[in-house]
Amino acid sequence: MPGIIERFRPYLDLPLGVDPITLSEGNTPLISMPRLASDLGAAELHIKFEGSNPTGSFKDRGMTTAITEAVSRGASAVICASTGNTAASAAAYAARAGLRCVVLLPHGGVASGKLAAAYTHGAEVVEVEGSFDQALGLARRLSERAPIGLVNSLNPYRLEGQKTAAFEITEALGGAPDWLALPVGNAGNISAYWMGYRQLADLEGGDLPHFLGVQARGSAPLVEGHVIEHPETVASAIRIGNPARGEQALTAAEESGGRIIAVPDRAILEAQRDLAHEGLWVEPASAAGLAGLRSEVEAGRLNLSGQRVVCVCTGHGLKDPQVPAEPTTLIPPNLQALEDLLKL
Ligand code: F0G
């Protein structure tokens, strides 16, 4: 299966004539959720399940383009700051390309599966005693002084790749959805989606979706209108107090006729559980989109009647398995005990 560069090459602003560094990312499923749609009062709800990318998150779309471009420039090393998924993806694509990869992580703030992935792919993992925002500041400054390419979403090639999810959704639905809900952390992804939809509308006409960007309440700088020094949320992927592409994200939301809102952790965890009960295990941050839709509908600020809605679930639950464990039951290995337990 070709990756997103090969599939969407004419639509991507990438140096010509380079061989893609790819892991066959993209082409992720768009899964219909009729029960959750009816709870929202929407005509249709589809989940764009980005957890089925090779490293378990949407970051792979942007990493294939960023690493391909870095290789085309002759780079031999890349660096990123990360709440985890960017690190895992950078590590994998750098390994594929034979590049040295350094990842800077906020100490203690990264889910176990993401950390394990970065190590396993051979990245040099550095924990910073501070926040993601401080780690990004360091990565950025180092990349300006030393021959090491920054592959955070400040790198424009990241957005070039990530916008392809918008193309896939339009392809699958035969048009843009009415609303698109997604989590917002460093704000690259919402900016990339808007680039993708705008590009399609310019080329082929058609409607643009309204965006609902969702932050966690304890980490909601774009809602509060100022930097959050000590962001807090259970959704560690979006525990970010000073989004690098904040202005662009606010513009995207506004131009789309939508908005960026904040939801409490409780709502995020409920949405995560409800998605899991529909068969889809996503990481907490990924459930923010659904949590945001619900909170707007419940508050009477959003009427989805007759609307086609897409919710982007950005990462797989397997990478962040720190959900409160349901109690299990231990039985002796005999049938009677099992029948007694199950009351069958
Ligand atoms: N969902 C997941 C699972 C993420 O990992 C991220 C960001 C987002 C949503 C938000 O996307 O930053 O483009 O607004 N993760 C970054 C990382 C920050 O380092 O992995 P965004």
Side-chain angles (χ1 to χ4, degrees), residues 28 47-53 55-63 66 79-92 103-106 109-111 113-115 117-118 123 125 128 131-136 139 150-155 158-159 161-163 165 181-196 211-216 219-222 231 233-250 252-253 260 268 271-272 275 281-292 311-320:
T28 55
I47 302 291
K48 181 65 171 164
F49 186 46
E50 290 289 277
S52 71
N53 274 299
T55 78
S57 86
F58 71 99
K59 305 287 181 179
D60 296 346
R61 292 181 187 274
M63 215 47 83
I79 188 168
C80 66
S82 180
T83 56
N85 281 319
T86 300
S89 186
V103 304
L104 302 186
L105 309 179
V110 172
K114 303 174 188 178
L115 195 58
V125 179
V128 177
S131 64
F132 165 84
D133 304 288
Q134 289 170 306
L136 181 57
L150 186 69
V151 291
N152 279 103
S153 57
L154 283 161
N155 177 329
R158 279 279 309 278
L159 303 201
Q162 284 174 212
K163 75 184 181 189
L182 77 175
V184 175
N186 212 25
N189 209 31
I190 188 171
S191 306
Y193 269 88
W194 189 235
M195 280 170 52
F211 279 8
L212 186 70
V214 187
Q215 302 206 287
S219 303
L222 300 181
T233 169
V234 66
S236 60
I238 52 171
R239 195 182 289 143
I240 293 175
N242 188 12
R245 290 196 180 261
E247 285 305 316
Q248 205 174 333
L250 287 166
I260 297 181
I268 290 177
Q272 184 193 28
L275 284 163
W281 188 18
V282 305
E283 66 165 278
S286 294
L290 178 61
C311 199
V312 184
C313 284
T314 43
H316 205 294
L318 279 168
K319 288 169 93 181
D320 189 358

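Worth knowing before you read on, the calculation uses all heavy atoms, side chains too, and leaves out hydrogens, waters and symmetry mates. All ligand and atom numbering here is 1-based and tracks the order in the structure.
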Colleague: Nearest 0.5 angstrom please: I240 CD1 to S219 OG, how far?
Modeller: 8.5 Å
Colleague: Look only at the side chain of K114 and the backbone of K319, and say whether a donor-acceptor pair between them is shorter than 3.5 Å.
Modeller: no
Colleague: Please could you name the atoms of ligand 1 that F58 approaches to less than 4.0 Å, counting only its heavy atoms?
Modeller: 1 (N), 2 (C), 4 (C), 6 (C), 8 (C), 9 (C), 11 (O)
Colleague: Just how far is it from atom SG of C80 to atom CG of L154, taken to the nearest 0.5 Å?
Modeller: 11.5 Å
Colleague: At a 4.0 Å threshold, what atoms of ligand 1 neighbour a non-hydrogen atom of T86?
Modeller: 16 (C), 17 (C), 19 (O), 20 (O)
Colleague: Using heavy atoms and a 4.0 Å limit, tell me yes or no: is S57 in contact with ligand 1?
Modeller: no
Colleague: N85 heavy atoms, cut-off 4.0 Å: which ligand 1 atoms fall inside?
Modeller: 2 (C), 3 (C), 4 (C), 5 (O), 20 (O)
Colleague: Taking only heavy atoms of N189 into account, list the atoms of ligand 1 that are under 4.0 Å away from them.
Modeller: 13 (O), 21 (P)
Colleague: So is L182 in contact with ligand 1, going by heavy-atom distances below 4.0 Å?
Modeller: no
Colleague: Does some side-chain heavy atom of W281 sit less than 4.5 Å from a side-chain heavy atom of Q272?
Modeller: yes
Colleague: Could you work out, for atom 16 (C) of ligand 1, the closest of K114, K59, E283 by heavy-atom distance?
Modeller: K59
Colleague: What are the atoms of ligand 1, with element, lying closer than 4.0 Å to any heavy atom of I238?
Modeller: 8 (C), 9 (C), 10 (C)
Colleague: Has Q215 got a side-chain atom pairing as donor or acceptor with L222's backbone, closer than 3.5 angstrom?
Modeller: yes
Colleague: Which ligand 1 atoms does N186 reach within 4.0 Å, using its non-hydrogen atoms?
Modeller: 12 (O), 14 (O), 21 (P)
Colleague: Using non-hydrogen atoms of the residue, decide whether P183 is closer than 4.0 angstrom to ligand 1.
Modeller: yes
Colleague: Quick one: which ligand 1 atoms are inside 4.0 Å of a heavy atom on G188?
Modeller: 13 (O), 14 (O), 21 (P)
Colleague: Compute the shortest N/O to N/O distance between T314 and ligand 1 and return yes if it is under 3.5 Å, no if not.
Modeller: yes
Colleague: Which atoms of ligand 1 have any heavy atom of I240 under 4.0 Å away?
Modeller: 18 (C)
